[in-house]
There are 2 protein chains.
Amino acid sequence: MATATRDRILETADLLFYQQGFEATSFADIASAVGISRGNFYHHFKTKDDILDGVINRRLANTEQMLDRWEIEGDDPADRIRSFIHILIFNGEKIRKFGCPVGTLSSELAKLNHAAQPNAASLFTLFRNWLRRQFERLGFADKSDELAMHILGRSQGVATLANAFNDDAFLRREVDLMCAWLDDQIGLLRH
Amino acid sequence: MATATRDRILETADLLFYQQGFEATSFADIASAVGISRGNFYHHFKTKDDILDGVINRRLANTEQMLDRWEIEGDDPADRIRSFIHILIFNGEKIRKFGCPVGTLSSELAKLNHAAQPNAASLFTLFRNWLRRQFERLGFADKSDELAMHILGRSQGVATLANAFNDDAFLRREVDLMCAWLDDQIGLLRH
DNA sequence: GTCTATACGCAGATAGAC
DNA sequence: GTCTATCTGCGTATAGAC
């Protein structure tokens with residue numbers, strides 16, 4: 001198939017950008033991991049920035065798939081929000097090693113003053129809008145976006161510190177606190 | 001004075017590492033900003049990692065000074081914790097541009113698998129222990145470290161999202177929520 | 001579509017004159 | 001203590017054979 005190599009490059013670059021960072025990952029790194037020559041790259045991508053765009057688009061598509069799955073599997077909006085919160089535990093090992101894939105990429109690109117930073121931030125927007133919709137369905141109306149951003153921020157902070165200290169107990173404790181916070185919010189709704 | 005140039009190098013490197021990241025900052029960047037030649041560097045530092053160590057030590061010293069100041073200026077432990085929370089607003093512009101200097105350095109070094117990562121995390125420990133002491137004085141006893149980590153995590157998440165979206169309103173809203181959380185915790189202490 | 005060979009610049013680092 | 005000149009390797013990117 002015409003796009004098989006291209007897909008393998010993107011899959012590998014996605015992983016390496018996460019584990020090593022975008023700038024620290026060279027064409028040679030990706031090429032040797034994929035098992036192709038450096039020169040072959042440029043048949044599929046013009047520049048390194050092109051690969052970055054491809055990786056971000058890949059992540060956007062994968063994230064949308066995951067959110068759709070949660071939408072189907074979750075019985076009610078609160079359950080679905082808990083799916084989001086528990087991803088911190090599900091991906092705990094990777095997060096302690098490499099941080100959150102969304103947050104670390106956005107931060108790196110911000111520092112590099114890279115044109116693709118807003119593109120990376122749109123990964124956050126995917127979660128933000130999905131969470132907002134769940135809160136709306138719970139009846140939070142105008143507050144929904146603020147609650148979505150709040151919990152998104154909480155999860156980012158947990159990822160950053162769990163990574164800095166490689167602390168699994170902290171991560172699990174904070175997941176419990178976030179679930180308790182969600183229950184509190186729902187309780188407050190009913191006065 | 002013998003160490004004047006060394007100090008200027010560290011001051012400049014500190015700033016550039018924050019604004020551009022450690023790896024993206026070259027000797028040439030620092031040299032031109034300081035106004036010295038590249039060769040002159042190696043009289044003061046053997047390697048780039050030596051500069052990183054110097055920068056981290058500089059940040060450790062500056063952070064200790066700031067925490068000591070808060071200790072003196074704050075009337076009670078709750079006020080001091082509010083000083084910590086409000087640094088997000090005080091440094092809001094820089095945070096929206098470059099993120100939190102502690103969190104972003106720790107994350108970058110974690111991805112680079114750099115030997116100095118625990119060293120960078122010790123900057124977090126400085127805040128963590130200072131916050132823990134404030135919570136202890138408020139009477140939280142065993143829970144003090146967990147509360148310190150909680151609020152440290154919250155501030156990290158706020159910095160990451162405020163940077164990703166360049167969102168000042170979110171930052172201020174979350175600072176208010178963190179202060180409200182603090183008041184709640186103190187209220188719960190008295191049953 | 002994949003390869004080898006190569007261009008070119010900049011990175012970190014060193015030697016040695018002043 | 002500061003400089004200029006230089007080394008060496010690796011980064012992205014290109015040219016052209018197969």
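Lettering follows sequence order; numbering is per chain, from 1.
Within the 4.0 angstrom heavy-atom criterion, base atoms lie near A/S37. Within the nucleic acid shown, A/Y42 comes within 4.0 Å of at least one base atom, counting heavy atoms only.
Taking atom CZ of B/F22 as the reference point, atom C1' of C/dG12 lies 11 Å away to the nearest angstrom. As a whole-Å value, the separation of B/K46 NZ from C/dT14 P is 9 Å. The CZ-P distance, from B/F27 to D/dA5, rounds to 20 Å in whole Å. As a whole-Å value, the separation of B/F45 CZ from D/dT2 C1' is 15 Å. Taking atom CG on A/D50 and atom C1' on D/dA13, their separation rounds to 12 Å, with Å as the unit. Here C/dA11 presents its P atom at 16 Å from CG of B/D49, a figure rounded to the nearest Å.
Both A/R38 and B/G39 lie near DNA chain D, and the one whose nearest nucleotide falls closer to the 5' end is B/G39.
Contact between the side-chain N/O atoms of A/T5 and the OP1/OP2 oxygens of C/dT2 is found at a separation under 4.0 Å. OP1 or OP2 of C/dT2 has at least one side-chain nitrogen or oxygen of A/H44 nearer than 4.0 Å. The phosphate of D/dC3 has OP1 or OP2 within less than 4.0 Å of a side-chain N or O from B/N40.
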Decide side-chain contact (heavy atoms from CB on, under 4.5 Å) for A/L88 and A/M178; before the verdict, give the C-alpha distance in whole Å, the side-chain angles of both, and the deciding distance to 0.1 Å. CA-CA 11 Å; A/L88 283 165; A/M178 287 169 75; 4.1 Å; yes

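Neither side chain, A/E73 nor A/S83, offers a donor N or O lying under 3.5 Å from an acceptor on the other. Checked by atom type, the side-chain pair A/S144/A/E136 shows no donor-acceptor distance below 3.5 Å.
Comparing D/dG1, C/dG1, C/dA13 by their closest approach to the side chain of B/H43 singles out D/dG1.
Taking a cutoff of 4.0 Å between a charged side-chain nitrogen and a carboxylate oxygen, B/R96 and B/D167 do not qualify as a salt bridge.
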